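Read the structure below first, then the notes.
Every value quoted in this text rests on a predicted model; they were computed, and no experiment measured them.
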Amino acid sequence: MQKQRVYSEQIDCLGCRLALSLAPAHVVYENEWVTCLLDIEPFSEGHTLILPKQHLVEWTDLDARTMQNVTEAATLLSRVLRRVYKPDGITLCQNGGAFNELTHFHLHVIPRFHGDGFTWSEPQHEHGAAARLPQTRKLLADALQARSDKEQLQRNGD
């Protein structure tokens with residue numbers, strides 16, 4: 001594996017230090033793009049984090065190659081976790097924005113078991129989103145179409 005340059009932003013970032021082996025971690029897998037390590041507060045045995053070695057914060061910051069390596073690592077870990085722990089399922093979870101406590105992109109790979117207590121809770125406040133599904137679909141579909149049209153124009157040099 002080629003040695004990476006370490007920049008000051010990476011020294012200040014715990015996620016970078018973990019991904020670059022500059023801080024202690026229980027690393028289970030790595031390649032030149034990502035490091036996979038055990039969560040220090042695991043939800044279950046084998047709960048693993050995938051961190052890119054490049055300092056990235058949000059899902060939308062990942063370039064195609066990093067995204068590919070994160071996805072491949074998630075698939076590899078899921079297969080191994082299924083074989084080793086025989087879970088009832090695997091949950092992949094990524095928290096962004098104010099919910100990313102590490103301030104470095106990381107994807108959780110969590111072996112799950114019936115009755116393990118992991119929950120997807122209902123909203124604490126009624127927001128009415130279910131009643132607006134048709135409007136929400138149109139809003140998002142239109143925004144995606146406008147983005148597609150803009151990208152097509154850019155590709156055509158217009």
Heavy-atom pair with the smallest gap, counting every atom of [X] and [Y]:
X: Ile110; Y: Ser44; result: CG2-OG, 3.8 Å
X: Ala74; Y: Leu107; result: CB-CD2, 4.0 Å
X: Tyr85; Y: Phe113; result: O-CE2, 3.7 Å
X: Pro87; Y: Leu81; result: CD-O, 3.4 Å
X: Leu92; Y: Ser78; result: CD2-OG, 4.3 Å
X: Leu18; Y: Ala23; result: CD2-CB, 4.0 Å

[X] side, atom [atom1]; [Y] side, atom [atom2] - distance, nearest 0.5 Å:
X: Thr35; Y: Ile50; atom1: OG1; atom2: CD1; value: 10.5 Å
X: Asn31; Y: Tyr29; atom1: CG; atom2: OH; value: 4.0 Å
X: Leu20; Y: Lys53; atom1: CG; atom2: NZ; value: 7.0 Å
X: His47; Y: Thr91; atom1: NE2; atom2: OG1; value: 10.0 Å
X: Cys93; Y: Phe118; atom1: SG; atom2: CZ; value: 5.5 Å
X: Glu45; Y: Leu38; atom1: CD; atom2: CG; value: 8.5 Å

For this session: May I ask you to test the Leu51-Val34 pair for a side-chain heavy-atom distance under 4.5 Å?
Result: no
Exercise. Do Gln145 and Asp142 have side-chain heavy atoms sitting under 4.5 Å apart?
Worked result: no
For this session: Apply the test side chain to side chain contact (heavy atoms under 4.5 Å, CB included) to residues Val28 and Val80: give CA-CA distance (whole Å), side-chain angles for both, the deciding distance (0.1 Å), then the verdict.
Result: CA-CA 11 Å; Val28 297; Val80 168; over 6 Å; no
Distance-only, no hydrogens or angles: does the [X] side chain make a donor-acceptor pair with backbone N or O of [Y] under 3.5 Å?
X: Asn100; Y: Val57; answer: yes
X: Lys138; Y: Leu133; answer: no
X: Asp39; Y: Thr48; answer: no
X: Asp116; Y: Arg112; answer: no
X: Glu58; Y: Thr60; answer: no
X: His104; Y: Arg17; answer: no

Exercise. Quick one: are the ring centres of His108 and His106 less than 6.0 Å apart?
Worked result: yes
For this session: Give the intermediate values and the outcome of side chain to side chain donor-acceptor pair (under 3.5 Å) for residues Asp63 and Thr66.
Result: CA-CA 5 Å; Asp63 59 76; Thr66 302; 3.0 Å; yes
Problem set entry | Check against side chain to side chain contact (heavy atoms under 4.5 Å, CB included), Val27 and Cys36 | CA-CA 6 Å; Val27 175; Cys36 304; over 6 Å; no
Exercise. Please walk me through it: do His55 and Phe105 pass side chain to side chain contact (heavy atoms under 4.5 Å, CB included)?
Worked result: CA-CA 8 Å; His55 181 69; Phe105 174 88; over 6 Å; no
Problem set entry | Step-by-step side chain to side chain contact (heavy atoms under 4.5 Å, CB included) determination, Asn69 to Glu72 | CA-CA 5 Å; Asn69 277 274; Glu72 289 173 358; 4.2 Å; yes
Exercise. When hydrophobic residues are tied together by side-chain contacts of less than 4.5 Å, even through go-betweens, does Phe43 share a cluster with Ile40?
Worked result: no
